[in-house]
Asks: 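This is the structure I have questions about; it appears just below.
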Amino acid sequence: MKKKLLAASLAVLSLSGSAFSVEAAEAPVYSLEGIVVTASRVPEKKMDSNADVSVVTSKEIAEKHYDDVSEAIRHVPGVNIASYGMSGQTSNSDQIYINGSKNVVVLVDGMRQNSNGNTLQNVDLSSLTNMDAIDHIEVLKGSASTLYGSDAQGGVINIITKTPKENKVSTTLRASVGNFGRENYTFYNEGRQDNFFWTLEAGKELMGKYKDGWGRRVVNHLNADHYNVKLGYDLGNDSNLVFRYEKYKSNYIMPNTGTNDSTESHGKKDNDSTSFQYKAKINDRLDNLFSVYRNNTTFDVPMQWFNMKMRTSGISDQLTYRMDRQTLTGGMDWYEDEIRDYPSEPELTGAKVHNLAFYLQDKIDITDKWNITPGVRYDHNSQFGSRTSPSLSIGYKQSENTNYYINYKTFFVAPNLYQQDVYSEMDYGNTKYLTKGNKDLKPETGYTVEIGASHKFDDTMAGTVNFFHTHAKNMITNSSLWDESTNTSIYTWNNMDKASVNGFNLSLNKDFSKHWSADIGYSYLHINAAKGENINNNGRLPESVLNVGVHYRADRFDASLDGRGVMNRYGMKAHPEMRDYGNYWVWDLAANYHFTKGATLFARLNNIFDQFYTDVGSSYDPYGSNWYSAPGRNFEVGLQYQF
């Protein structure tokens, strides 16, 4: 089976795009068309980006009616998302992995969203639900520490919001209902009057208990609201001022210790983000982008050691200078993370850590075919001192349809405040749970090597391939020890000696006609740790994932069928019972009927075949505790009206 799968996958190749601007073409995840910017922080053709980048466009978001950002990127090759139930909104946060690493930088319009202190993921992507305001999402896979910071070991997710271009005003209203008590209502308004432009969005989402693939009813509840406003003023000459504010607030219920537990665990989220950006075109060669932002994150969950209020404040400034055969990109990033409140450990309230960085990258076109891009980043961390992260990229553009590249990039990841300082004791029945930090943790260090290619076979078919090897020292891993004498489970963090991650991503898109298209993506991941250490987080990361999509588009009707096959999640050494759940397929269907001007009837059918599985990949069996089942077959129908 493996050989057949690999042989089929070798027929596959793909890429996509990225950008800080809103000018990326409506090119889907597997396309090579359009302009991207996340790979180099300057606009460039996807074909020339010398990186493994994917784009989820506003068109795809609209056609498939994604509820949040984590759902929108779930089918990107190389991305794995561990969700604890029907939605990441009904848990502390989804865990996002890119190329096997959970060290990922998340940006909104190029501004950092990460916080230093969350026990699970650095960013709660599932709380980013303002989908109508998103122009596209760019996923850069592979280390990007030189441009985006030391903790961009796995990659970067850059969410680009819309900027209205035309002098008009439009409004979109959408309402939908589904099984499991699902209701969703959104309002979106955008417009431009001369130099002034804006987007406004508000929404509400409700969910209830759900059934998994075995028909077991699972404790679940969500009542969430979100608001988003973006105000801008066009200064002319490709220069502007933009203010943005985003708010997300929810109450949720999830099982206390897993699907089989009917005990309700109540939680709350209260997040907001405020930013200001000034983009200036100084002359035909020189651009400047200045950003100021502040993000507030609140976790209020049953397990007290998770409860905290975090704040991240930042300033960044970037200059781009273009010459005839050379592009210089340089700038500074400063951000400060603060624990505003930590009830379980009051002495940590007010704890801060800041990071100041300077970076410089120079892309040089040596000839019409060869280019080289050296780069370096200098970081000074208030806790762990100074580090330098160099990088080097070499590209060879054989023709307008074929591009090859090789990248070498270094990284270091500083331990967060939670991993160093947390200490909490809780009793559940006769068992005590002790969570404690480790002040002796060292930063993770290492490098990533990538070899990739992009190729456009003809006007209807294109694809990419990217092979990567990551070597890391002092990897920060969590572990749980059992003390029989005191019936205590001890949960803490430690540094490993070293580990290596090898893998590749392949993808291909094909237009068969003006109505039919298809895409396929395959990712392979192998993690090898020293001394028998497990860094695969109890099987969360499968060895192989195959994504398949078939799409039909006509004037009034469009539909998409997407499948995701997970293979060998737990490895050959897993307990036999676990191997029974290490391979599965999940298929989703989305359709839209535009029955009159501005009005659309839409429907989604998720997990069509009622597959039983878990996204978290817990090593516990489905009958015990700490197993979090994904939802079984579920549907949603709705109506959208634009005027």
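In what follows, residues are counted from 1 in the order of the sequence shown.
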Asks: Which one of Asn114, Asn295, Ile96 satisfies the side chain to side chain contact (heavy atoms under 4.5 Å, CB included) criterion with Val123?
Replies: Asn114
Asks: Please find the pair of heavy atoms, one from Asp317 and one from Tyr359, that lie closest to each other, and give the distance.
Replies: O-OH, 4.2 Å
Asks: Can Asp333 and Arg377 be counted as an ion pair, charged N to O under 4.0 angstrom?
Replies: yes
Asks: For Asp94 and Leu125: C-alpha separation, side-chain torsions, deciding distance, then whether side-chain contact (heavy atoms from CB on, under 4.5 Å) applies.
Replies: CA-CA 7 Å; Asp94 285 338; Leu125 275 184; 5.9 Å; no
Asks: Strictly under 6.0 Å, is that where the ring centroids of Tyr524 and Phe504 end up?
Replies: yes
Asks: Flag the pair Asp379 / Phe412 as yes when at least one side-chain heavy-atom distance between them is below 4.5 Å, and no otherwise.
Replies: yes
Asks: Is the shortest side-chain heavy-atom distance between Val76 and Val56 below 4.5 Å?
Replies: yes
Asks: Are Tyr293 and Ser273 close enough that some pair of their side-chain heavy atoms sits under 4.5 Å apart?
Replies: no
Asks: Are the side chain of Asn158 and the backbone N or O of Gly110 linked by a donor-acceptor pair below 3.5 Å?
Replies: yes
Asks: Can Thr146 and Ser391 be counted as having a side-chain donor-acceptor contact under 3.5 angstrom?
Replies: yes
Asks: Just checking, is any N or O donor in the side chain of Tyr97 or Gln95 under 3.5 Å from an acceptor N or O on the other one?
Replies: yes
Asks: Pick from Arg604, Arg174, Lys204: which one makes a salt bridge (Lys or Arg N to Asp or Glu O under 4.0 Å) with Asp67?
Replies: Arg604
Asks: Shortest non-hydrogen contact from Ser83 to Val616?
Replies: O-CG2, 3.1 Å
Asks: Answer yes when Lys247 and Asp270 have at least one side-chain N-carboxylate O distance shorter than 4.0 Å, and no when they do not.
Replies: yes
Asks: Take Asn495 and Asn438 through the side-chain hydrogen bond (donor to acceptor under 3.5 Å, both in side chains) test and state the conclusion after the steps.
Replies: CA-CA 10 Å; Asn495 287 112; Asn438 183 352; 5.7 Å; no
Asks: Does the side chain of Pro415 reach to within under 4.5 Å of the side chain of Phe384, using non-hydrogen atoms?
Replies: yes
Asks: Which pair of heavy atoms, one from Tyr378 and one from Ser386, lies closest together, and at what distance?
Replies: OH-OG, 2.8 Å
Asks: If you look at every heavy atom in Thr410 and Ser143, which pair is closest and at what distance?
Replies: O-OG, 3.9 Å
Asks: Would you mind reporting whether His469 and Ser500 have side-chain heavy atoms less than 4.5 Å apart?
Replies: yes
Asks: Please examine the side chains of Ile253 and Val219, heavy atoms only from C-beta on, and report whether any two atoms are closer than 4.5 Å.
Replies: yes
Asks: Verify whether the ring centers belonging to His471 and Tyr447 lie closer than 6.0 Å.
Replies: yes
Asks: Contact between Leu222 and Leu206 at the side-chain level, heavy atoms closer than 4.5 Å - yes or no?
Replies: no
Asks: Could you tell me whether Asp562 and Arg74 have a side-chain N and a carboxylate O separated by less than 4.0 Å?
Replies: no
Asks: Does the side chain of Tyr252 reach to within under 4.5 Å of the side chain of Lys269, using non-hydrogen atoms?
Replies: yes
Asks: Does either side chain, that of Tyr66 or that of Glu60, offer a donor lying less than 3.5 Å from an acceptor on the other one?
Replies: yes
Asks: Yes or no on side-chain contact (heavy atoms from CB on, under 4.5 Å) for Asn466 and Lys141, after CA distance, side-chain angles and deciding distance?
Replies: CA-CA 9 Å; Asn466 178 277; Lys141 291 158 281 183; over 6 Å; no
Asks: Using side chain to side chain contact (heavy atoms under 4.5 Å, CB included) as the criterion, point out the one residue from Asp132, Thr163, Thr199 that pairs with Glu190.
Replies: Thr199
Asks: What I want to check is whether the side chains of Asn606 and Asn634 have a donor and an acceptor closer together than 3.5 Å.
Replies: yes
Asks: Say whether Asp337 and Thr312, considering side chains only, have a donor N or O and an acceptor N or O under 3.5 Å apart.
Replies: yes
Asks: For the backbone of Asn407 and the side chain of Asn50, can you confirm whether one donor and one acceptor N or O come within less than 3.5 Å of each other?
Replies: no
Asks: What are the two closest non-hydrogen atoms of Ile98 and Val79, and how far apart are they?
Replies: CG1-CG2, 4.2 Å
Asks: So Ile157 and Gln113, side-chain contact (heavy atoms from CB on, under 4.5 Å) or not? Walk me through it.
Replies: CA-CA 10 Å; Ile157 299 169; Gln113 302 295 300; over 6 Å; no
Asks: What is the minimum heavy-atom distance between Asp124 and Gly88, and which atoms define it?
Replies: OD1-O, 4.4 Å
Asks: List the steps, then state whether side-chain contact (heavy atoms from CB on, under 4.5 Å) holds for Phe180 with Met207.
Replies: CA-CA 6 Å; Phe180 305 148; Met207 292 183 193; over 6 Å; no
Asks: In Å, rounded to the nearest 0.5 Å, how long is the span from CG of Asn80 to OG of Ser101?
Replies: 12.0 Å
Asks: Can you tell me how far the OG1 atom of Thr161 sits from the CG atom of Asp135, to the nearest 0.5 Å?
Replies: 8.0 Å
